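Structure record follows, encoded as structure tokens.
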Amino acid sequence: MMPGSGQGPLSPPPEAYRLPDVEGREYLPAAYRSIDPATRGAVASVRPHNVFIEVTNHCNLLCETCPRTFVSYEEPRTLSWDDFLRLVDQFPEMERAVLHGIGEPLLNKDLPRMIAHLKARSVHVLFNTNATLLTEEWSRKLIGAGLDELRVSIDGANPKTYALIRGAPLFHKVLQNLQRFVEVKKELGADRPQPSLWMTGLKENIAELPDVVRIAARIGVPEVYLQRMVYYGDEAISAPGLLAGGHGLYATFDEQVDQLVVESETLAKSLGVMLRASGASSPKSSVTAKPQARPWAACMRPWTTAYITANGNALPCCISPFATSDYGSLKLGNIFEQPFDDLWNAERYKTWRERLLSDAPNTACAGCGVQWSL
């Protein structure tokens, strides 16, 4: 039976969509591994199994690590129910749906209905939220819709750091909302969605990683993820806010950061919390690994994944808007103007794939690298 066919049993729990790496420690969604990497070429032989759907590009915060705070890439828009149906109907092989982009998903009132529609198709559904709007009513709706994963961006363990990075003094609100979400889930006897905390590692907050782990344990959140900040790779660009490379850890790793990560891993194990990293990296390598030659060439996303904005634009991946200021170069077509099947192996997509396998990828790929996320 084809995944996403709308028939068959409910989708399996999250673990069924994750595969251990060669060391048996890290996890990667199986939807990213739908093809053999050795067969990659300009043409993608299968349609995407993994689809990012930007349900809105509006946000209630002004984060210093988000390009949306400083520039408008697209017309402000919240995806309507009718356009959502037009969009998802173009991806019959969808196994995994990520309902976020540059924006806060809880600003879309149709989100629970969208989740329920995808769950009826046996799709694994998740999204990231800043949780400032995660009221008890929202918690009950998300649980009732069958959401699989609820990822909460926190980026600090105290109010001052949170306000510096996230642009608003709402740290207390995030913790209150998340605590109530965990309580409601327990009251309802629900086994999903599985919550997790996500922290973007910066010079300004990395010392608080152990306390983020402690917060997760105290509230009852089983997983914490550390990921590195992706920023413009073009040194000629004067990046605004905390997007400038000087705030990241990737190229300026030192012994103190190493000790903090090791301490956090040990602490997490003792508290029964899983400390992980996004994609195929470990917490340490996500902020410390020096890129090997042509790291971008290992990326599978342009062959396995679609990223569709609220306006219908197809981009190569969710990371690309954070890795280049040349947003126009990222647009590979619009699915409200042409069917996705006509775009997937059209010239723009094929050129992107060819360049990704070459020594001269798009700036967005060169500024990312496979160690950040697959």
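The shown structure was predicted, so the numbers you read here are calculated from the model rather than taken from an experiment.
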Practice task
Start with the C-alpha distance between Arg96 and Leu126, add both sets of side-chain angles, then the distance that settles side-chain contact (heavy atoms from CB on, under 4.5 Å), and finish with yes or no.
Solution key: CA-CA 8 Å; Arg96 184 174 183 265; Leu126 62 106; 3.6 Å; yes
Completion exercise
CZ of Phe84 to NE2 of His117, rounded to nearest 0.5 Å, is 5.5 Å
Handout entry: Side-chain heavy atoms of Arg166 within contact of Asn130, under 4.5 Å
Key = yes
Problem - Side-chain heavy atoms of Tyr73 within contact of Lys331, under 4.5 Å - result: no
Handout entry: Residues which pass ring-ring contact (aromatic ring centres under 6.0 Å, His included) with Phe127, listed by chain and number, not counting sequence neighbours
Key = none
Practice task
Would you confirm whether Arg294, through its side chain, and Leu356, through its main-chain N or O, come within 3.5 Å as a donor-acceptor pair?
Solution key: no
Fill in the blank from the handout: Sequence neighbours excluded, the answer for side-chain hydrogen bond (donor to acceptor under 3.5 Å, both in side chains) partners of Thr78 is Thr56
Handout entry: Side chain to side chain, Asn311 and Phe336, heavy atoms closer than 4.5 Å
Key = no
Handout entry: Single-linkage hydrophobic cluster, 4.5 Å side-chain cutoff, Leu170 and Leu62 together
Key = no
Handout entry: For Thr161, all residues meeting side-chain hydrogen bond (donor to acceptor under 3.5 Å, both in side chains), sequence neighbours excluded
Key = Asn158, Glu208
Exercise for the section: List the steps, then state whether side-chain contact (heavy atoms from CB on, under 4.5 Å) holds for Gln90 with Asp341. Expected result: CA-CA 8 Å; Gln90 298 189 49; Asp341 281 355; over 6 Å; no
Exercise for the section: Search all heavy atoms of Gly156 against all heavy atoms of Phe171 and return the closest pair with its distance. Expected result: O-CE1, 3.6 Å
Handout entry: Verify same cluster id: Val43, Trp352 (apolar side-chain graph, 4.5 Å)
Key = no
Handout entry: Closest contact, heavy atoms only, Ala157 versus Asp211
Key = CB-CB, 3.4 Å
Handout entry: Pro316 side chain reached by Tyr349 side chain, heavy atoms, under 4.5 Å
Key = no
Practice task
Can you establish whether the number of heavy atoms outside Glu137 located under 6.0 Å from its atom CD is more than 12?
Solution key: no
Problem - Side-chain heavy atoms of Pro105 within contact of Leu99, under 4.5 Å - result: no
Problem - Nearest-0.5 Å distance, CG of residue Asp36 to CE of residue Met300 - result: 7.5 Å
Practice task
Taking the side chain as every heavy atom from C-beta outward, state whether Pro222 and Pro195 have any pair of such atoms under 4.5 Å apart.
Solution key: yes
Practice task
Please determine if Lys350 and Glu354 form a salt bridge, counting it only when a charged side-chain N lies under 4.0 Å from a carboxylate O.
Solution key: no
Exercise for the section: Check the pair Leu330, Tyr307 against side-chain contact (heavy atoms from CB on, under 4.5 Å), reporting the backbone distance first and the verdict last. Expected result: CA-CA 11 Å; Leu330 306 178; Tyr307 178 97; over 6 Å; no
Practice task
Work out which heavy atom in His172 is nearest to a heavy atom in Pro169; give both atom names and the distance.
Solution key: CE1-O, 3.4 Å
Practice task
Output yes when a side-chain donor or acceptor of Thr351 lies under 3.5 Å from a complementary backbone atom of Arg348, and no otherwise.
Solution key: no
Fill in the blank from the handout: Interatomic distance, SG@Cys299 vs CD1@Ile319, rounded to 0.5 Å, equals 7.0 Å
Exercise for the section: For the pair Glu54 (side chain) and Ala310 (backbone), establish whether a donor and an acceptor sit closer than 3.5 Å, ignoring hydrogens and angles. Expected result: yes
Handout entry: Donor-acceptor contact below 3.5 Å, side chain Trp303 vs main chain Gly41
Key = yes
Exercise for the section: Answer yes or no: is there a side-chain heavy-atom contact under 4.5 Å between Ser80 and Asp110? Expected result: no
Completion exercise
In this structure, SG of Cys318 is separated from CD1 of Ile53 (nearest 0.5 Å) by 13.0 Å
Problem - Contact summary for Arg121 and Pro92, nearest pair of heavy atoms - result: NH2-CA, 3.8 Å
Fill in the blank from the handout: Closest non-hydrogen atoms of Pro193 and Leu150, given as atom of the first, atom of the second and distance, are CB-N, 4.0 Å
Exercise for the section: Give, for atom SG of Cys59 and atom CD1 of Ile102, the distance between the pair rounded to the nearest 0.5 Å. Expected result: 10.0 Å
Problem - Those residues that, when tested against Glu75, pass side-chain hydrogen bond (donor to acceptor under 3.5 Å, both in side chains) (two or more places apart) - result: none
Problem - Heavy-atom donor-acceptor pair, His100 side chain to Asn128 backbone, under 3.5 Å - result: yes
Handout entry: side-chain hydrogen bond (donor to acceptor under 3.5 Å, both in side chains) partners for Asn345, two or more places apart
Key = Arg353
Exercise for the section: Report yes if some heavy atom in the side chain of Val123 is under 4.5 Å from a heavy atom in the side chain of Val88; otherwise report no. Expected result: no
Exercise for the section: May I ask you to decide if Thr200's main-chain N or O and Asn205's side chain share a donor-acceptor pair within less than 3.5 Å? Expected result: yes
Practice task
Give a yes-or-no answer on whether the side chains of Glu74 and Asn57 include a donor-acceptor pair shorter than 3.5 Å.
Solution key: no
Problem - Residues Lys186, Glu183: salt bridge by 4.0 Å N-O rule - result: no
Practice task
Check Asp155 against Ile165 and note the closest heavy-atom contact, atom names and distance.
Solution key: O-CD1, 3.3 Å
Handout entry: Full working for side-chain contact (heavy atoms from CB on, under 4.5 Å) between Val212 and Leu197
Key = CA-CA 8 Å; Val212 171; Leu197 295 183; 4.2 Å; yes
Exercise for the section: First locate atom CZ of Arg192, then atom NZ of Lys119, and finally report the distance between them rounded to the nearest 0.5 Å. Expected result: 4.5 Å
Practice task
Could you tell me whether Glu187 and Arg180 make a salt bridge, using a distance below 4.0 angstrom between a side-chain N and a carboxylate O?
Solution key: yes
Practice task
Report yes or no: do Tyr225 and Gln227 form a side-chain donor-acceptor pair below 3.5 Å?
Solution key: no
Exercise for the section: Examine distances only and state if a side-chain atom of Asn108 and a backbone atom of Val55 form a donor-acceptor pair shorter than 3.5 Å. Expected result: yes
Practice task
State whether a side-chain donor-acceptor pair under 3.5 Å links Asn60 with Thr132.
Solution key: yes
Fill in the blank from the handout: Taken in chain and number order and not counting sequence neighbours, the residues that satisfy ring-ring contact (aromatic ring centres under 6.0 Å, His included) with Phe340 are Phe91, Trp344
